[in-house]
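Below: the structure, in structure tokens.
Computed from a predicted structure; not experimentally measured. The analysis underlying the following values was restricted to heavy atoms, covering all of them including side chains, and did not include hydrogens, waters or symmetry mates. Below, chain A is the first sequence line, B the second, and so on; all start at residue 1.
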Amino acid sequence: MTKLIEPRTLKGFRDYPPELMIPRERLLESARRVYRSYGYAPIDTPALEYAEILLGKGSEETDKQLYRFTDHGGRDVALRFDLTVPFARFAAEHVARLGTPFKRYHMGPVWRGENTQRGRFREFWQCDFDTIGTTSNAADIEVALVINDLMEALGFERFTIRINNRMVLNGLLAELGLADRSKALLIALDKLPKIGRAAVATEMTQKAGVRPEQAERVLALAETAGSNAEVLERLRRDFGGNDTAAVGIARLAELLAVADKAGVPPQRLRLDLSICRGLDYYTGTVYETFLDDLPNIGSVCSGGRYDNLAGLYTRQALPGVGASLGLDRLLAAMEELQLLPKTATPAPVLLVQFEATRLGEYQRLARTLRAEGIGVEVFPEAKKIGSQLQYAERRGFRVALIAGSEEFQQGTWKVKDLARREEHTVPEAGVTAAIRAILQEGTAPR
RNA sequence: GUGGGUGUAGCUCAGUUGGUUAGAGCUCCAGACUGUGGAUCUGGCUGUCGCCGGUUCGAGUCCGGUCACCCACCCCA
């Protein structure tokens with residue numbers, strides 16, 4: 001006897017049994033449908049890239065979190081930590097053939113070697129969509145529309161898309177002569193809701209090395225609160241004099257106006273000047289999406305405008321804007337909010353194998369139903385009915401079909417609504433309609 | 001990466017100041033029902049007490065290490 005190897009997965013890496021994989025695939029399908037409806041085209045890129053492609057593109061933090069090693073050919077390689085940086089490489093490599101503007105979506109796993117937490121994993125999926133090759137605010141606005149439609153398609157009503165524009169803050173910093181301190185200031189500012197203004201001011205003076213009155217002005221900006229209209233008004237009054245900030249303010253204003261006109265519920269979009277995001281490459285609009293019922297799990301869909309990212313790989317200007325849906329975090333949230341159905345079967349109908357000698361009849365009906373778009377599983381053994389029904393219930397089947405000698409004599413089937421525990425005997429011609437009726441009334445949660 | 005917490009049957013947990021054969025509920029499996037599943041009844045299965053090592057006559061219980069999960073920081077999807 002050889003010694004058994006303990007079956008286990010790495011920290012932050014997980015298996016996905018059917019009851020997790022089914023809602024996962026459903027989310028991916030919804031996202032794909034929404035992206036395609038806006039004209040974003042699918043692409044894919046390798047999981048592994050040359051380390052130099054990925055290093056220094058996200059932030060110091062993402063560099064540290066990189067899964068990096070030397071491959072069999074002695075190459076310095078790393079697993080991608082997001083889909084945006086590989087896309088920039090992809091775009092720089094293929095832009096001549098693709099033409100601009102170019103819109104793509106990309107769904108796949110990414111890896112970050114950071115500490116795990118609820119909704120935070122080392123391997124997780126992102127569902128990105130981006131438009132590159134244009135600086136037009138129309139593209140920025142479309143990102144907000146897509147996020148809204150995406151969340152709605154996934155079945156959410158109560159969520160808030162928080163938006164900001166880095167140009168506003170950068171404009172102010174330039175005016176204060178603090179452009180080079182932007183990063184440290186952003187990090188400090190990000191803590192405002194957590195540690196309070198006094199502590200942030202201290203951190204700004206000590207770590208970012210700015211004067212107290214400068215910190216005060218930055219804080220005053222971030223603390224601008226109120227309705228979207230009020231915030232815009234105050235921004236125009238206090239910072240509109242700066243050219244850069246003025247552009248940022250104007251773009252935010254247009255975004256809100258267009259989204260409203262396009263029919264996005266107004267409470268969904270909220271100006272939040274404390275949203276700045278840690279990734280270095282963002283230069284303009286930034287987005288973060290929070291679930292109103294579970295804000296602590298973090299942003300489930302984030303992104304922004306990056307005007308310089310592809311500049312690292314090509315001299316051609318490739319500005320872009322887009323966002324990323326955090327599939328795994330969203331699923332963790334949905335699980336916690338009990339929005340996930342308990343089904344472990346992708347087919348709604350179980351055809352009971354009552355008499356083994358009738359298998360041909362069972363498979364014939366099953367194929368007929370499948371041809372009509374109804375998923376059917378034929379139970380593989382002629383076990384007693386009770387245990388087959390129990391199997392059906394446990395796996396989350398909605399309907400059971402039963403037929404023995406009596407039914408075959410009459411040319412009928414028993415169609416059983418498993419949730420209601422009711423069954424009706426119907427002629428074979430009526431089976432499809434009877435199943436459809438049951439499937440429809442119970443509108444399963446997504 | 002830093003700090004804190006947790007880790008006992010499939011699940012939720014109990015397990016007294018370290019002491020002999022480690023428990024409960026639920027679940028599961030099999031049967032009173034060989035054409036019907038959430039109820040009742042009867043019977044039954046399950047654990048290297050996360051893993052490794054140390055202290056001890058003796059450790060689920062104490063100590064060290066390690067792994068995983070949870071929380072906070074950090075950062076982010």
Side-chain angles (χ1 to χ4, degrees), chain A residues 3-4 6-14 17 27 31 58-65 80-84 107-128 147 150 183 186-188 190-191 194-195 199 203 275-280 282 286-291 296-304 322-333 336 350 352-355 358 379 382-397 399-408 414-423 425:
Chain A
K3 195 183 170 199
L4 289 176
E6 188 193 349
R8 54 182 185 155
T9 55
L10 286 165
K11 177 185 177 74
F13 290 71
R14 303 165 303 155
L27 290 201
S59 64
E60 268 181 44
E61 205 56 32
T62 54
D63 281 3
K64 277 192 244 162
Q65 294 171 353
R80 65 186 180 204
F81 61 87
D82 76 359
L83 299 177
T84 305
M107 308 193 291
V110 301
W111 296 269
R112 293 181 195 175
E114 66 178 329
N115 244 342
T116 55
Q117 233 177 78
R118 180 182 56 146
R120 299 179 67 164
F121 311 100
R122 290 184 167 177
E123 176 182 64
F124 58 97
W125 275 55
Q126 293 193 328
C127 306
D128 273 36
I147 294 175
L150 180 58
K183 199 162 152 186
L186 285 175
I187 290 172
D190 198 52
K191 299 177 187 170
K194 288 173 196 158
I195 64 178
E203 183 166 330
I275 296 289
C276 46
R277 311 202 32 76
L279 269 54
D280 298 344
Y282 291 119
V286 289
Y287 317 78
E288 293 200 351
T289 310
F290 293 90
L291 300 176
N296 290 338
I297 204 153
S299 173
V300 295
C301 189
S302 310
S324 177
L325 177 73
L327 185 74
D328 293 277
R329 177 172 291 182
L330 191 63
L331 281 166
E336 184 154 340
L350 180 78
V352 170
Q353 186 179 162
F354 192 6
E355 295 171 3
R358 302 282 191 177
F379 197 80
K383 277 172 72 171
K384 66 178 192 181
I385 290 192
S387 63
Q388 292 192 46
L389 291 176
Q390 196 170 42
Y391 167 88
E393 183 182 32
R394 207 164 283 157
R395 294 292 169 98
F397 283 90
V399 177
L401 290 177
I402 306 168
S405 48
E406 279 178 36
E407 285 76 14
F408 284 114
K414 279 190 170 162
V415 179
K416 181 151 190 158
D417 181 332
L418 287 162
R420 296 190 168 206
R421 313 196 138 215
E422 290 171 1
E423 64 183 19
T425 301

Taking for each residue the nucleotide of RNA chain B with the nearest heavy atom, is it A:Cys301 or A:Asp417 whose nucleotide lies nearer the 5' end?
A:Asp417

Test your reading of the model: is there a side-chain donor-acceptor pair from A:Ser299 to the backbone of A:Thr289, 3.5 Å cut-off?
yes

Which value, rounded to the nearest 0.5 Å, describes the distance between A:Leu27 atom CG and A:Met107 atom CE?
10.0 Å

Mind checking A:Ala419 for me? I need base, sugar-phosphate or nothing, with any heavy atom below 4.0 Å counting as a touch.
base

Would you measure the distance from the P atom in B:U46 across to the matching atom in B:C41 and give it in whole Å?
23 Å

Could you check which of B:C75, B:G38, B:G1 has an atom nearest any side-chain atom of A:Arg421?
B:G38

Would A:Phe124 count as stacked on B:A77 if the rule is ring centres under 5.5 Å and plane angle under 30°?
yes

In terms of the nearest nucleotide of RNA chain B, which residue is placed more toward the 5' end: A:Leu325 or A:Gly12?
A:Gly12

Counting only distance, no hydrogens or angles, is the base of B:U36 paired donor-acceptor with the side chain of A:Gln388 under 3.5 Å?
no

Measure CD/A:Glu393 against C1'/B:A39 and give the value in whole Å, please.
13 Å

State plainly whether the residues A:Glu114 and A:Arg120 are in salt-bridge range, i.e. N to O under 4.0 Å.
yes

Nearest-angstrom distance, P atom, B:G18 to B:G53
23 Å

Beyond-backbone contact of A:Arg358 with A:Glu407, side-chain heavy atoms, under 4.5 angstrom:
no

Whole-angstrom distance between B:A30 and B:C70, as gauged at atom C1'
39 Å

Nearest whole Å is fine: how far is B:C69 C1' from A:Phe13 CZ?
16 Å

Whole-Å P distance, B:G60 and B:U2:
31 Å

Let me have a per-nucleotide readout for nucleotides 25-35 of chain B, 5' to 3', with B, S or -, counting only protein heavy atoms under 4.0 Å.
---SS-----B

Has A:Lys11 got more than 12 heavy atoms of other residues, nucleotides or ligands less than 6.0 Å from its NZ?
yes

Flag, side chain of A:Ser302 to backbone of A:Glu288, donor-acceptor distance under 3.5 Å:
no

I'd like to check the ring pair (Phe, Tyr, Trp, His ring centres under 6.0 Å) partners of A:Tyr391; sequence neighbours left out, ordered by chain and number.
A:Phe379

Base, sugar-phosphate alone, or nothing: which one does A:Thr116 contact when heavy atoms must sit under 4.0 Å apart?
sugar-phosphate

d(CZ, A:Arg14; C1', B:C69) in whole Å
13 Å

With distance as the sole criterion, do the side chain of A:Arg120 and the base of B:C75 form a donor-acceptor contact below 3.5 Å?
yes

From CG of A:Asp328 across to P of B:A77 the rounded distance in Å is 13 Å

For A:Arg122 and B:C67, give me the distance from atom CZ to atom P, rounded to whole Å.
10 Å

With a 3.5 Å cut-off and no angle check, do the side chains of A:Asp82 and A:Ser324 form a donor-acceptor pair?
no

Measure from the side-chain N and O atoms of A:Arg80 to the backbone N and O of A:Pro109, and report whether any donor-acceptor pair falls under 3.5 Å.
yes

Give one of base, sugar-phosphate or nothing for A:Tyr391, where a contact means two heavy atoms less than 4.0 Å apart.
nothing

Determine the Euclidean distance between corresponding C1' atoms of B:U21 and B:U17; express it in Å to zero decimal places.
23 Å

Please list every stem that involves RNA chain B, where a stem is a run of 3 or more consecutive Watson-Crick or G-U wobble pairs with both pairing distances under 3.5 Å.
B:1-7 with B:67-73, B:10-13 with B:23-26, B:28-31 with B:41-44, B:50-54 with B:62-66

Quantified in whole Å, what is the P atom distance between nucleotide B:G50 and nucleotide B:U6?
13 Å

B:G38 C1' sits how many Å from A:Phe397 CZ, rounded?
18 Å

Rounded to the nearest Å, what distance is computed from the CZ atom of residue A:Phe121 to the P atom of nucleotide B:C75?
21 Å

Under-4.0 Å side-chain N/O to phosphate OP1/OP2 contact, A:Ser302 with B:C76:
no

Can you tell me, in whole Å, how much space there is between the P of B:U16 and that of B:G23?
14 Å

Could you tell me whether the side chain of A:Arg112 has a donor or acceptor atom within less than 3.5 Å of a complementary atom in the base of B:C75?
no

What distance, rounded to whole Å, do you find between the two C1' atoms, one in B:G37 and one in B:C45?
22 Å

Would you say A:Lys11 reaches B:C69's phosphate, i.e. side-chain N/O to OP1/OP2 under 4.0 Å?
yes

Measuring to OP1 and OP2 of B:C70, would you say a side-chain N or O of A:Gln117 lies under 4.0 angstrom away?
no

Which is true for A:Gly386 with a 4.0 Å heavy-atom rule: it touches a base, it touches only sugar-phosphate, or it touches nothing?
sugar-phosphate

Between the base of B:A77 and the side chain of A:Glu114, is there a donor and acceptor pair under 3.5 angstrom?
yes

With a cut-off of under 6.0 Å to the ring centre and 45° to the axis, is A:Arg329 in cation-pi contact with A:Phe124?
no

